[in-house]
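Throughout, residue positions are numbered sequentially from 1 according to the sequence presented. Note that ligands are numbered from 1 as they come in the structure, with each ligand's atoms numbered from 1 the same way.
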Amino acid sequence: MVELVPSILSADFAHLADEIAAAERGGGTVIHVDVMDGHFVPNMTIGPPVVASLRKATRLPLDCHLMIDNPNEYIAAFAEAGANWVSVHYEACTHLHRSLEMILHHGMKPGVVLNPATRVDLIVEILPMVHHVLIMSVNPGFGGQEFISFSLGKIRRLAELRRELGLAFKIEVDGGVAHDTVAQVVQSGAELLVAGNAVFGAGRPEHDARELLAAARRAAGEPIEADPSAVRA
Ligand code: DX5
Ligand code: ZN
């Protein structure tokens with residue numbers, strides 16, 4: 001089943017609870033939280049205190065994408081704040097296995113993230129211990145960037161590895177997922193679709209989340225649930 005994972009990076013930070021509620025009404029089932037430190041990526045966003053507030057604002061799982069150096073130093077703080085899923089970058093972890101163990105040890109679901117230029121085959125050994133693999137389809141740091149098309153080959157390769165190894169981790173894709181790219185992303189084998197600009201960018205998150213999820217479900221050959229609250233012009 002495909003799932004829509006709205007990324008709050010493109011939401012109005014002064015009204016996060018309302019933005020998240022709207023994206024949930026539109027069909028979002030996991031909330032993606034982009035954590036940036038101004039070192040690993042050239043931008044800064046939010047940290048554990050905001051995650052703690054979000055925890056009170058929604059019952060959906062909080063998927064924290066750590067774009068930070070030395071992530072091990074902050075894993076306990078994210079657990080304490082109420083994060084459910086935590087993913088760390090392959091490129092930021094000298095001891096990736098240790099980072100994933102720490103996330104597990106704190107009762108959260110571990111994920112590993114690959115930048116566009118990082119090969120999928122580098123993480124074969126740790127695949128049995130992850131809940132999800134996040135394929136970046138833009139260089140991390142900003143919302144609203146253009147989808148990098150060679151990411152589709154990486155999604156296909158990862159789906160092939162998952163089959164070969166008999167594993168069940170989820171494949172998540174982040175960056176430039178929108179109406180014009182979502183079908184190919186789904187058909188390549190991804191099921192967790194992160195979308196920031198495509199959900200929040202136009203200021204109508206409920207409507208745009210619903211439309212994007214419907215497009216994803218069509219591409220996956222899944223039924224599009226009739227939603228009685230949907231009002232079409
Ligand atoms: C980028 C972030 C993304 C971002 C995606 O570094 O990791 O989660 O919100 O934004 P869009 O969907 O606008 O490309
Ligand atoms: Zn992200």
* Taking only heavy atoms of Leu9 into account, list the atoms of ligand 1 that are under 4.0 Å away from them. => 4 (C), 9 (O)
* To do: With rounding to the nearest 0.5 Å, note down the distance linking CG in Leu54 to CG in Leu62.
  => 6.0 Å
* Asked: Does the pair Arg163/Glu160 count as a salt bridge with the N-to-O cut at 4.0 Å?
  -> no
* Structure fact -> One should read off an interatomic distance between Met136 CE and Met67 CE, to the nearest 0.5 angstrom, of 6.5 Å
* Please determine if His65 has a nitrogen or oxygen closer than 3.5 Å to a nitrogen or oxygen of ligand 1. => yes
* Asked: CD of Glu3 to OG1 of Thr29: how many Å apart, nearest 0.5 Å?
  -> 3.5 Å
* Enumerated ligand 1 atoms positioned under 4.0 Å from heavy atoms of Met67 -> 6 (O), 7 (O)
* Asked: Looking only at protein heavy atoms, which one is nearest to atom 13 (O) of ligand 1, and how far off is it?
  -> Gly144 N, 2.8 Å
* To do: If you have a sec, read the angle at the Zn ion (ligand 2) from Asp174 atom OD2 over to His65 atom ND1, to 10 degrees.
  => 100°
* To do: Give a rough value, rounded to 10 degrees, for the angle at the Zn ion (ligand 2) between atoms OD1 of Asp34 and NE2 of His32.
  => 90°
* Is Asn197 in polar range of ligand 1, meaning some N or O pair under 3.5 Å apart? -> yes
* Is Lys170 salt-bridged to Glu191, going by a charged N under 4.0 Å from an acidic O? -> no
* Any N or O on Gly141 sitting closer than 3.5 Å to an N or O of ligand 1? -> yes
* To do: Give the residue, atom name and distance (to 0.1 Å) of the protein heavy atom nearest atom 3 (C) of ligand 1.
  => Asp174 OD1, 2.9 Å
* Quick one: which ligand 1 atoms are inside 4.0 Å of a heavy atom on Ala195? -> 12 (O)
* Structure fact -> In this structure, OH of Tyr74 is separated from CE of Met102 (nearest 0.5 Å) by 12.0 Å
* Asked: Are Leu134 and Ile8 in one and the same hydrophobic cluster, where Ile, Leu, Val, Met, Phe, Trp and Tyr link if side-chain heavy atoms are under 4.5 Å apart?
  -> no
* Contact (N/O only, under 3.5 Å) between Gly196 and ligand 1 -> yes
* What distance do Leu192 atom CG and Ile135 atom CD1 have between them, rounded to the nearest 0.5 Å? -> 12.0 Å
* atom 1 (C) of ligand 1: nearest protein contact (heavy atom, Å) -> Phe142 O, 3.4 Å
* Asked: Where does Ser7 meet ligand 1, judged by heavy-atom distances below 4.0 Å: at the side chain, the backbone, both, or neither?
  -> side chain
* How many angstroms lie between NE2 in His65 and OG1 in Thr45, if you round to the nearest 0.5 Å? -> 10.0 Å
* **Atoms of ligand 1, numbered as shown, that sit under 4.0 Å from any heavy atom of Gly143** => 10 (O), 13 (O)
* Gly176 to ligand 1: N or O pair under 3.5 Å? -> yes
* To do: Can you establish whether the number of heavy atoms outside Tyr90 located under 6.0 Å from its atom OH is more than 12?
  => no
